[in-house]
Undergrad: 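One structure follows; several queries about it will come next.
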Amino acid sequence: MDPHVKHHCGIFGIYGHPDAARLTSLGLHALQHRGEESSGIGTGDNKHVHVHTGMGHVADVFMEPEVLDRLPGHLAIGHNRYSTTGSDTLSNSQPFLAECRDGYIAVAHNGNLTNTSQLRSQMQEDGAIFQTTTDSELILHLIARSKEEHIVDRVIDALQYIQGAYCFALCTEDKLLAVRDPHGFRPLCLGQLGDSWIIASESCALDIISARYIRDIEPGELVVIDANGLRTFSPFEVQRHAFCIFEYIYFSRPDSIIFGDTVDKTRRKLGKQLAIEHPADADIVIPVPDSSNTAAMGYADQSGIKLEIGLIRNHYVGRTFITPSQDTRTTMVRLKYNPVRGVLKGKRVVVVEDSIVRGTTLRYLVRMLREAGAHKVHIRVSCPPIISPCYYGIDFQTENELIANEKNIAQIREHLGVDSLSYLSLSGMLSVAPNTTNQYCTACFTRNYPIPIETEVNKLILER
């Protein structure tokens, strides 16, 4: 089965709450969509840093109450992981913990570094021993090697050596630190619950604990929270912003605020613009659930075509059901989706999809819709064709994974077996995105990379 695009990771942090570990576990539940391979929490109690990680969902890793009991402290960081770099093994589960010369520090990372191979090789030549296969471990080595006296200065010093997309949450025995890369690829926000401060990848993680959204952490901003309160630093030169547009298209939850605006509103605008650019002679509009739901609402609203639920998604199919066998792929799709025959029979159907990466699942879905009686099937995609790999944290990292890199739109239409296929234009997508057009990374659509990639690009992917 062709799973959809793997997400980035999700990070969460809290300072100044006696039940920090439990609130962090709740925040990670809200961020489960950003990573399902492993989960972990690290806490500080002014004397020690405690870490627990495990494979699987948050509910699997922190199912037993005594696990959270073993994570005392008033500050915590948490992480949900998808392996965009590094294998999906327990040793790569975060937060990572290291002992430096004046205490312990734990780190959780969302994103991809783009100079991983160079840094790792240099450190290994100097005698460094790596415990994991991820790029995230590099920041711990750099902090430990820094000659600066204080931890905040050592973190700033370490950040000068790394390039790429990152949001880091770090905790010591008594401090919570959060930093966002100067281009701002990944979202990171700041919230407050009473006297407690919270950082999270998305604002939905604030909502689950009834915290208040304050603002986004700015690109290039380092936030330090300790007994002296909250302080911010700007240790980088100002860079052109490169917010990941895919966060609006697919990754983030529709109820979140990211990059200063709501995801739901933007997805509806994408759907409306898609209907303006590519109308269809049809009876009903249906989404491919769940990430396309709000774009389909926008398409239906703009076109005046009735919105229906034509596909039901089974939310209880885990990754254990994903197998590479050609013989079982159709069965796997049927485990995840089922058509509503009474809605589809005899209808001309517009299927709104957020993106097409490999096209495998969508091809089987089209076949299912026709078997369920759909008279015509028109595919409308709420972003442009994905033609280029992402090296900033999205799991489509080779060109041969991308159907639009190998085929033109007419060939993709024939491959999918649909009556028509249309994508939202790049200009149309950017015209409805919040802020201005020069603030987004569109490399996967344009091959225009905001940050140079290592020459031997495959070295970036240490293990798949």
Undergrad: Going from CH2 on W197 to CD1 on I214, what distance comes out if it is rounded to the nearest 0.5 angstrom?
TA: 5.5 Å
Undergrad: Does some side-chain heavy atom of E202 sit less than 4.5 Å from a side-chain heavy atom of L31?
TA: yes
Undergrad: Under the 3.5 angstrom rule, does the side chain of T262 hit a backbone N or O of D264 as a donor-acceptor pair?
TA: no
Undergrad: May I ask you to check whether H315 and D290 show a side-chain donor-acceptor distance below 3.5 Å?
TA: yes
Undergrad: What closest approach, in Å, do A108 and I77 show between heavy atoms, and which atom pair accounts for it?
TA: N-CD1, 4.0 Å
Undergrad: Going by distance alone, is a donor N or O of one side chain under 3.5 Å from an acceptor N or O of the other, for E277 and S425?
TA: yes
Undergrad: Between the side chains of Y449 and S388, does any donor sit under 3.5 Å from an acceptor?
TA: yes
Undergrad: Under 3.5 Å, is there a donor-acceptor pair between the E137 and H109 side chains?
TA: no
Undergrad: So, for L140 and F96, which heavy atoms are closest and what is the spacing to 0.1 Å?
TA: CD1-CB, 3.4 Å
Undergrad: For V223 and T232, work out which heavy atoms get closest and say how close.
TA: CG2-CG2, 4.2 Å
Undergrad: Looking at Q160, I want to see if its CD is surrounded by more than 12 non-hydrogen atoms of other residues, nucleotides or ligands under 6.0 Å.
TA: yes
Undergrad: Can you measure from SG (C189) to CD1 (I217) and round to the nearest 0.5 angstrom?
TA: 7.5 Å
Undergrad: Does the pair D216 and L188 meet the rule for a side-chain contact (heavy atoms from CB on, under 4.5 Å), with working shown?
TA: CA-CA 6 Å; D216 278 6; L188 191 64; over 6 Å; no
Undergrad: Take I41 and S25 through the test side-chain contact (heavy atoms from CB on, under 4.5 Å) and record every step on the way to the result.
TA: CA-CA 8 Å; I41 293 175; S25 71; 4.0 Å; yes
Undergrad: In the structure I gave you, are the side-chain heavy atoms of I356 and I403 within less than 4.5 Å of one another anywhere?
TA: yes
Undergrad: Kindly indicate whether the side chain of K376, heavy atoms from C-beta on, has any atom under 4.5 Å from the side chain of V349.
TA: no
Undergrad: Between R180 and E221, does at least one N-O distance fall below 4.0 Å, as a salt bridge requires?
TA: no
Undergrad: Any donor-acceptor pair under 3.5 Å linking the side-chain atoms of R447 with those of N405?
TA: yes
Undergrad: Decide yes or no for L344 and I284: does some side-chain heavy atom of the first lie under 4.5 Å from some side-chain heavy atom of the second?
TA: yes
Undergrad: Please report the interatomic distance CG(L23) to OG(S196), rounded to the nearest 0.5 Å.
TA: 7.5 Å
Undergrad: Please determine whether a side-chain nitrogen of the Lys or Arg among K306 and D283 lies less than 4.0 Å from a carboxylate oxygen of the Asp or Glu.
TA: no
Undergrad: For atom OH of Y161, decide whether the heavy atoms of other residues, nucleotides or ligands shown that lie under 6.0 angstrom number more than 12.
TA: no
Undergrad: Just by modelled atom types, is the M429 backbone N or O under 3.5 Å from a matching donor or acceptor in the Q273 side chain?
TA: no
Undergrad: Between R348 and D281, is there a side-chain N and carboxylate O pair less than 4.0 Å apart?
TA: yes
Undergrad: Determine whether a donor-acceptor pair (N or O, by modelled atom type, separation under 3.5 Å) exists between the side chain of H183 and the backbone of R240.
TA: yes
Undergrad: So how far is it from L138 CG to Q118 CD, rounded to the nearest 0.5 Å?
TA: 10.5 Å
Undergrad: Please report the shortest heavy-atom distance between F62 and S39, naming the atom on each side.
TA: CE1-OG, 3.7 Å
Undergrad: Please check this pair: side chain of T53 against backbone of G40, looking for a donor-acceptor N/O pair closer than 3.5 Å.
TA: no
Undergrad: Once the angle between the rings of F246 and Y250 is folded into 0 to 90°, is it parallel (under 30°), tilted (30 to 60°) or perpendicular (over 60°)?
TA: perpendicular
Undergrad: Look only at the side chain of Y337 and the backbone of T361, and say whether a donor-acceptor pair between them is shorter than 3.5 Å.
TA: no
Undergrad: Is the backbone of S355 close enough, under 3.5 Å, to the side chain of Y423 for a donor and an acceptor to pair up by distance?
TA: no
Undergrad: List the steps, then state whether side-chain contact (heavy atoms from CB on, under 4.5 Å) holds for T24 with L26.
TA: CA-CA 5 Å; T24 299; L26 292 174; over 6 Å; no
Undergrad: Do the non-hydrogen side-chain atoms of H33 and C204 ever get within less than 4.5 Å of each other?
TA: yes
Undergrad: Return the CD1 to CG distance between I412 and L416, rounded to the nearest 0.5 Å.
TA: 7.0 Å
Undergrad: Okay, side chain of S303, backbone of Y299: is any donor-acceptor separation there less than 3.5 Å?
TA: yes
Undergrad: Determine whether F445 and P385 make a side-chain contact, defined as any pair of heavy atoms from C-beta on separated by less than 4.5 Å.
TA: no
Undergrad: Does any non-hydrogen side-chain atom of I209 lie less than 4.5 Å from one of I198?
TA: yes
Undergrad: Less than 4.0 angstrom from a charged side-chain N to a carboxylate O is my criterion; do D419 and R370 meet it?
TA: yes
Undergrad: Return yes if some donor-acceptor pair links the side-chain N/O of S256 with the main-chain N/O of I258 below 3.5 Å, else return no.
TA: no
Undergrad: Which pair of non-hydrogen atoms, one from P452 and one from T114, has the smallest distance, and what is that distance?
TA: O-OG1, 3.8 Å
Undergrad: Go through the side-chain N and O atoms of S420 and R380 and say whether any donor and acceptor fall under 3.5 Å apart.
TA: yes
Undergrad: Tell me yes or no: between the side chains of S382 and D354, is some donor less than 3.5 Å from an acceptor?
TA: no
Undergrad: Please determine whether the number of non-hydrogen atoms from other residues, nucleotides or ligands lying under 6.0 Å from atom CD of Q411 exceeds 12.
TA: yes
Undergrad: Which atom pairs, donor and acceptor, lie under 3.5 Å between side-chain atoms of residues 163-170 and protein residues at least two apart or in another chain?
TA:
none

Undergrad: Do the charged groups of D181 and R186 touch, with an N to O distance under 4.0 Å?
TA: no
Undergrad: Check whether R81 reaches the backbone of S93 with its side chain - one donor and one acceptor, N or O, closer than 3.5 Å.
TA: no
Undergrad: Donor-acceptor pair, R363 side chain versus H415 backbone, under 3.5 Å?
TA: yes
Undergrad: Atom CG of L402 and atom CZ of R358: how far apart are they, to the nearest 0.5 Å?
TA: 7.5 Å
Undergrad: Begin with the C-alpha distance, continue with both residues' side-chain angles, and end with the deciding distance and a verdict on side-chain contact (heavy atoms from CB on, under 4.5 Å) for N314 and N338.
TA: CA-CA 8 Å; N314 180 0; N338 199 48; over 6 Å; no
Undergrad: Any side-chain heavy atom of L369 within less than 4.5 Å of one from V351?
TA: yes
Undergrad: If you measure from the Lys or Arg side-chain nitrogens to the Asp or Glu carboxylate oxygens, is any gap between R22 and D19 under 4.0 Å?
TA: yes
Undergrad: Identify the two heavy atoms, one from F12 and one from A200, that lie closest to each other, and give their separation to 0.1 Å.
TA: CD1-CB, 3.9 Å
Undergrad: Is any side-chain N of the basic residue among R34 and E247 closer than 4.0 Å to the acidic one's carboxylate O?
TA: yes
